[in-house]
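Scroll down for the structure; my scribbles are underneath it.
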Amino acid sequence: HPNMRFSVVRLRGAKHSGVYLSSHADRAFVERLFGPPKSCDSDTQETILRYSRDQIWMELELDGGSGRLKRWNLYSE
């Protein structure tokens with residue numbers, strides 16, 4: 001839906017306290033925060049970066065055109 005917006009998330013933890021993750025984030029910003037992804041899938045529409053820690057998976061989906069964050073998913077193994 002065109003009126004939906006990505007919420008701004010404030011990260012917490014020893015390394016990331018006070019850092020905000022928003023739709024302005026790009027791949028370089030994400031990799032500075034979290035390091036290289038455990039896996040990456042990419043096509044013309046999007047790039048999905050996957051990270052794993054303590055049995056939790058995080059997927060960050062970047063728009064294929066702008067390269068900006070469009071979706072952030074967290075789920076357990």
Side-chain angles (χ1 to χ4, degrees):
H1 189 276
N3 292 327
M4 290 180 64
R5 299 287 182 257
F6 188 90
S7 63
V8 176
V9 179
R10 183 176 179 194
L11 302 177
R12 294 186 61 191
K15 186 177 179 182
H16 306 300
S17 288
V19 173
Y20 290 90
L21 194 58
S22 73
S23 61
H24 298 287
D26 61 11
R27 184 174 183 161
F29 180 79
V30 169
E31 290 192 4
R32 277 195 308 275
L33 284 178
F34 303 114
K38 186 162 184 109
S39 68
C40 175
D41 292 325
S42 187
D43 61 30
T44 58
Q45 294 183 354
E46 66 184 5
T47 297
I48 302 173
L49 307 176
R50 291 185 182 87
Y51 295 86
S52 172
R53 180 177 173 190
D54 298 329
Q55 298 180 326
I56 300 292
W57 280 92
M58 178 172 62
E59 290 182 341
L60 295 114
E61 300 178 17
L62 307 172
D63 182 74
S66 70
R68 302 289 182 186
L69 185 62
K70 67 176 187 174
R71 192 173 299 120
W72 183 24
N73 303 306
L74 293 172
Y75 56 93
S76 62
E77 288 184 346

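For reference, positions follow the sequence shown, starting with 1. Computed from heavy atoms alone, side chains included, the values below leave out hydrogens, waters and symmetry copies.
- Interatomic distance, CZ of F34 versus CZ of F29, reported as 8.0 Å (0.5 Å rounding).
- Put simply, L62 and V19 are part of the same group of oily side chains (I, L, V, M, F, W, Y) that touch within less than 4.5 Å, one to the next.
- Heavy atoms only, all atoms of each residue included: S42 and T47 are closest at OG-OG1, 3.0 Å.
- Between R32 and V30 there is no side-chain heavy-atom pair separated by less than 4.5 Å.
- Y75 and E59 form a side-chain donor-acceptor contact under 3.5 Å, judged by distance and modelled atom types alone.
- Distance check, rounded to the nearest 0.5 Å: CG of L60 to CD of E31 gives 10.5 Å.
- With rounding to the nearest 0.5 angstrom, the CE atom of M58 is 6.5 Å from the CH2 atom of W72.
- Taking OG of S22 as the start and CG of L69 as the end, the distance is 7.5 Å to the nearest 0.5 Å.
- Panel note: side chain D54, backbone I56; no donor-acceptor pair is recorded below 3.5 Å.
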- Item | Residues S66, H24; criterion side-chain contact (heavy atoms from CB on, under 4.5 Å); working and verdict | CA-CA 10 Å; S66 70; H24 298 287; over 6 Å; no
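- Interatomic distance, Y51 OH to L74 CG, rounded to the nearest 0.5 Å: 13.0 Å.
- Summarising the local packing, CD of Q55 is surrounded by 12 or fewer heavy atoms from other residues, nucleotides or ligands at distances under 6.0 Å.
- To the nearest 0.5 Å, the span separating CG on L49 from NZ on K38 amounts to 14.5 Å.
- With sequence neighbours excluded, the residues satisfying salt bridge (charged side-chain N to carboxylate O under 4.0 Å, His left out) with D41 are R50.
- Remark: R68 pairs with D26 by the salt bridge (charged side-chain N to carboxylate O under 4.0 Å, His left out) rule, at least two apart or across chains.
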